[in-house]
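Order of appearance sets the numbers: ligands from 1, and atoms from 1 within every ligand.
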Amino acid sequence: MTTVSEYQTNAANISEGAVQSYRAQGFIHLSGVISQAEAGRFYSAALEASKTNESFARGKSEKVFTQLVNLWREDPVIKELTFHPNLAALAERLAGVALRLWHDHVLIKQPFNQAPTEFHQDQPYWPHNDAANRHCLSAWVALCDVPAEKGCLTFINKSHHYTGRRAQDLTDAKDLLQLCPDMIYMPRTTIPLRAGDCTFHSSWTAHMATPNFTADPRVAHIVIYMDADTTYSGTGHPVTDPLDLKVGEPLAGEMFPRIAKNDFN
Ligand SMILES: O=C(O)CCC(=O)C(=O)O
């Protein structure tokens with residue numbers, strides 16, 4: 001069993017410069033946040049789950065990716081990754097505020113899927129009241145090697161400053177860029193990943209993923225963390241719709257647990 005301090009990148013050895021770079025750019029690449037052996041085990045679990053949980057696949061985006069939302073609630077192996085102490089501690093170090101799990105999802109780009117995930121920001125999809133949400137971010141963990149040809153992420157540098165936009169269509173290449181024309185000329189960064197690496201991105205950072213041009217599935221597990229004080233805005237979302245929440249109520253309890261133990265507790 002690997003202890004957290006043995007991972008190539010962990011909350012104790014990440015430099016202050018790296019944290020500041022994340023906050024300035026809106027994203028960061030961290031190597032070896034889980035071991036390659038762990039990545040292989042989680043890769044197999046994710047692929048197996050995608051075969052047995054067909055009901056998870058989402059209509060319009062199916063060509064873009066196969067999406068398994070909140071798999072941690074069904075699958076004990078994936079739950080280990082969603083609650084991975086190294087990921088959670090790094091997330092809190094980057095965010096600088098106490099965090100809860102918002103939700104996880106496995107995203108598989110099927111072989112030769114031909115479809116990019118077009119530029120979008122994540123936050124507008126989510127039923128979070130802005131005022132109580134100081135920071136929200138995703139860990140996008142590569143469970144296999146993900147070169148650009150297989151569907152890694154491209155970020156628009158510093159785009160997290162463009163807040164308050166409506167949700168964008170991730171099947172439409174023009175939607176976000178028409179909403180925020182400045183972004184057309186802002187620098188972009190594409191980050192190929194080795195299995196066990198991850199990128200973290202802020203919930204307002206514009207990002208896209210290239211299609212999968214290879215014969216193998218691209219398997220990523222995304223853990224999304226929100227400010228521990230986030231409250232419910234009342235807009236529709238598959239995670240909260242079944243929960244009978246009241247507007248303004250904290251997103252807390254067993255669906256949205258605190259998952260890091262550190263100075264903020
Ligand atoms: O992996 C993808 O295709 C897209 C991922 C994404 O948009 C996200 O993690 O926010």
With Leu90, the side chain to side chain contact (heavy atoms under 4.5 Å, CB included) member among Ile28, Ile14, Val19 =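 Answer after filtering Ile28, Ile14, Val19: Ile14.
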
Check whether the side chains of [X] and [Y] place a donor and an acceptor atom closer than 3.5 Å, and report yes or no.
X	Y	result
His84	Glu38	yes
Thr205	Lys158	no
Ser203	Asp122	no
His120	Asp175	no

Ligand 1: protein N/O within less than 3.5 Å of ligand N/O:
unit_1   : atom_1 : unit_2 : atom_2 : d
ligand 1 : 1 (O)  : Trp140 : NE1    : 3.0
ligand 1 : 1 (O)  : Arg218 : NH1    : 2.9
ligand 1 : 1 (O)  : Arg218 : NH2    : 3.0
ligand 1 : 3 (O)  : Thr117 : OG1    : 2.6
ligand 1 : 3 (O)  : Arg218 : NH1    : 3.2
ligand 1 : 7 (O)  : His120 : NE2    : 2.9
ligand 1 : 7 (O)  : His207 : NE2    : 3.0
ligand 1 : 10 (O) : Asp122 : OD1    : 3.1
ligand 1 : 10 (O) : Asp122 : OD2    : 3.1
ligand 1 : 10 (O) : His201 : NE2    : 3.3
ligand 1 : 10 (O) : His207 : NE2    : 2.8

side-chain hydrogen bond (donor to acceptor under 3.5 Å, both in side chains) filter on Ser44, not counting sequence neighbours, yields none

